**Student:** 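Once you've had a glance at the structure underneath, I'll fire off some questions.
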Amino acid sequence: MKKVVLLGVVCALVFTSCSDTTGKEDAHLVFGENPDYENVQTSKALRADLEQADSIFANFEAKVLEVCKKKGCWMKVDYGAEAPLMVSFKDYGFFVPEEIEGEEIVLEGTVKKELIDVATLQHYAEDAGKSRAEIDAIDKPEEKYTMVATGVRIKDTNL
């Protein structure tokens, strides 16, 4: 009886791991939860919404400018504002590949304005591979928009 149950479990694992992941649902294109790909907000609309509230849940398109060089645990994206949007990932639950710099993506998560302390800014600079002089030059906190993403999807990948 144990062999039959074990065989059933193995078959279930094989069938689920061999499922078709072609097209829009390519597993290598999605990190975290799969963002709503059909109802995406423009970056301009996102910025307009941020003028009305301190924190919003958003689903929008952006271009990846920079990714953490240590393990892909954060990224900066261009959302059409003066400064890039700093993106981290919910519960440190997923990371993105360093190679997605320059890619167009869809992100989903909470965006808010916050004061980033000096130690955190220096940590980000270190992760980005900045020189010791550049890191040491960071001497005051900065108010920035940040995002905690629940999911990221690369739109059209060259990876």
Side-chain angles (χ1 to χ4, degrees), residues 12-117 120-131 134-135 138 141-159:
L13 288 173
V14 167
F15 285 118
T16 58
S17 67
C18 294
S19 62
D20 182 15
T21 59
T22 59
K24 280 185 156 184
E25 301 305 318
D26 276 350
H28 70 280
L29 299 178
V30 176
F31 305 92
E33 297 174 15
N34 194 1
D36 179 356
Y37 200 69
E38 301 300 322
N39 301 305
V40 178
Q41 180 177 42
T42 65
S43 293
K44 185 176 183 178
L46 169 66
R47 290 189 316 277
D49 287 349
L50 287 170
E51 290 176 7
Q52 305 301 314
D54 290 337
S55 177
I56 62 169
F57 188 82
N59 176 1
F60 64 100
E61 297 176 314
K63 182 177 182 177
V64 179
L65 299 174
E66 185 177 3
V67 177
C68 170
K69 302 294 186 243
K70 291 202 175 189
K71 59 183 168 184
C73 57
W74 57 260
M75 66 181 163
K76 292 181 181 178
V77 300
D78 180 4
Y79 70 119
E82 186 175 310
L85 180 66
M86 182 66 159
V87 180
S88 61
F89 308 109
K90 185 175 182 187
D91 298 328
Y92 218 54
F94 63 96
F95 304 123
V96 296
E98 294 173 38
E99 300 82 30
I100 68 168
E101 286 183 4
E103 297 286 345
E104 295 291 330
I105 60 173
V106 174
L107 303 100
E108 193 168 84
T110 302
V111 180
K112 66 180 181 177
K113 185 182 275 191
E114 66 179 306
L115 188 64
I116 312 295
D117 62 69
T120 301
L121 291 170
Q122 289 177 335
H123 174 77
Y124 290 151
E126 184 178 340
D127 282 354
K130 303 289 183 193
S131 70
E134 290 172 299
I135 295 168
I138 300 169
E142 294 180 15
E143 189 171 64
K144 296 183 175 208
Y145 281 105
T146 63
M147 176 180 203
V148 176
T150 56
V152 175
R153 178 180 171 77
I154 302 173
K155 289 180 65 177
D156 296 308
T157 182
N158 297 320
L159 301 178

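These numbers were taken from a predicted model, which means no experiment stands behind them.
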**Student:** Is there a side chain to side chain contact (heavy atoms under 4.5 Å, CB included) between Thr146 and Ser88? Walk through the geometry before answering.
**Tutor:** CA-CA 8 Å; Thr146 63; Ser88 61; over 6 Å; no
**Student:** Step by step, would you call Val77 with Ile105 a side chain to side chain contact (heavy atoms under 4.5 Å, CB included)?
**Tutor:** CA-CA 9 Å; Val77 300; Ile105 60 173; 3.9 Å; yes
**Student:** Does NZ or CZ of Arg153 fall inside the cone over Tyr37's six-membered ring, less than 6.0 Å from its centre and within 45° of the axis?
**Tutor:**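 So Arg153 does make the cation-pi contact.
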**Student:** When you compare the side chain of Glu103 with that of Lys63, does any pair of heavy atoms fall below 4.5 Å?
**Tutor:**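 A side-chain contact is absent here, since even the closest heavy-atom pair is not under 4.5 Å.
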**Student:** Spell out, as yes or no, whether a donor-acceptor pair under 3.5 Å connects the side chain of Glu108 to the backbone of Asp36.
**Tutor:**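 Yes, the answer is positive, given that a donor and an acceptor are paired below the 3.5 Å cut-off.
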**Student:** Provide the closest heavy-atom pair for Leu107 versus Met75 in the form atom of the first, atom of the second, distance.
**Tutor:**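 In terms of heavy atoms, the two residues are closest at CD2-CE, 3.7 Å.
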**Student:** What are the two closest non-hydrogen atoms of Ala128 and Glu66, and how far apart are they?
**Tutor:**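 Scanning both residues completely, I find the closest heavy atoms to be CB-OE2, 2.9 Å.
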**Student:** For Gly72 versus Val67, what's the shortest heavy-atom pair and its separation?
**Tutor:**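 Between these two residues, the closest heavy atoms are CA-CG1, 3.7 Å.
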**Student:** Counting N and O atoms only, with roles assigned by atom type, does the side chain of Glu134 sit under 3.5 Å from a partner on the main chain of Ser131, one being a donor and the other an acceptor?
**Tutor:**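 Confirmed, Glu134 side chain pairs with Ser131 backbone.
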**Student:** Carefully, step by step, assess Asp49 and Gln41 under the rule side-chain hydrogen bond (donor to acceptor under 3.5 Å, both in side chains).
**Tutor:** CA-CA 10 Å; Asp49 287 349; Gln41 180 177 42; 2.5 Å; yes
**Student:** Heavy atoms, side chains only, cut-off 4.5 Å: are Leu121 and Glu142 in contact?
**Tutor:**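 When only atoms from C-beta onward are counted, Glu142 and Leu121 do touch, with a gap below 4.5 Å.
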**Student:** Kindly determine whether Leu46 and Ile56 satisfy side chain to side chain contact (heavy atoms under 4.5 Å, CB included), including the steps that lead there.
**Tutor:** CA-CA 9 Å; Leu46 169 66; Ile56 62 169; 3.4 Å; yes
**Student:** What is the ring orientation for Tyr145 with Tyr79, classed by angle as parallel under 30°, tilted 30 to 60°, or perpendicular over 60°?
**Tutor:**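 Rings of Tyr145 and Tyr79: perpendicular, as their planes differ by over 60°.
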**Student:** Got a donor-acceptor contact below 3.5 angstrom from the Ser55 side chain to the Thr110 backbone?
**Tutor:**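 Side chain of Ser55 to backbone of Thr110: no pair is present.
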**Student:** Assert yes or no for the condition that the ring centre distance of Phe31 to Phe94 is strictly below 6.0 Å.
**Tutor:**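 No; Phe94 has its ring centre 6.0 Å or more from that of Phe31.
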**Student:** Between CD of Glu33 and OG1 of Thr150, what distance do you get to the nearest 0.5 Å?
**Tutor:**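 If we round to the nearest 0.5 Å, Glu33:CD and Thr150:OG1 are 4.5 Å apart.
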**Student:** Rounded to the nearest 0.5 Å, how far apart are NZ of Lys76 and CG of Leu65?
**Tutor:**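 CG of Leu65 is found 9.0 Å from NZ of Lys76.
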**Student:** State, with a plain yes or no, whether a side-chain heavy atom of Val96 is found less than 4.5 Å away from one of Val87.
**Tutor:**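 Val96 does not reach Val87 side chain to side chain.
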**Student:** Taking Lys144 first and then Glu114, would you say they form a salt bridge - that is, a charged N and a carboxylate O separated by under 4.0 Å?
**Tutor:**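 The answer is no: the pair does not qualify as a salt bridge.
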**Student:** Is any side-chain heavy atom of Asn59 less than 4.5 Å from a side-chain heavy atom of Val106?
**Tutor:**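 Touching, per the 4.5 Å side-chain cut-off.
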**Student:** For residues Glu61 and Ser43, report the shortest heavy-atom separation together with the two atoms involved.
**Tutor:**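 Heavy-atom minimum between the residues: O-OG, 2.8 Å.
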**Student:** Do you know which two heavy atoms are closest between Thr42 and Phe60, and how far apart they sit?
**Tutor:**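 That would be O-CB, 4.4 Å.
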**Student:** With no hydrogens and no angle check, is any side-chain donor or acceptor of Gln122 less than 3.5 Å from a backbone partner on Ile138?
**Tutor:**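 Looks like yes, one N/O pair under 3.5 Å.
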**Student:** Compare every heavy atom of Tyr92 with every heavy atom of Lys71, then report the nearest pair and how far apart it is.
**Tutor:**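 Nearest heavy atoms, Lys71 then Tyr92: CE-OH, 3.0 Å.
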**Student:** Got Asp78 and Pro84 here, is their nearest side-chain heavy-atom distance under 4.5 Å?
**Tutor:**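 Contact flag for Asp78/Pro84 side chains = no.
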**Student:** Can you tell me if Lys112 has over 12 outside heavy atoms packed within less than 6.0 Å of its NZ?
**Tutor:**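 12 or below, so no.
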**Student:** So that I can tick it off, tell me whether Glu82 and Arg47 are bridged by a salt bridge, with the cut-off set at under 4.0 angstrom between side-chain N and carboxylate O.
**Tutor:**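 Looking at Glu82 together with Arg47, the answer is no, because their closest N to O distance does not fall below 4.0 Å.
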**Student:** Lys113 versus Asp54: any side-chain heavy-atom pair under 4.5 Å?
**Tutor:**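 In short, these two side chains do not touch, never coming nearer than 4.5 Å.
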**Student:** Under 4.0 Å between a Lys/Arg side-chain N and an Asp/Glu carboxylate O for Glu126 and Lys70?
**Tutor:**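 Lys70 and Glu126: salt-bridged.
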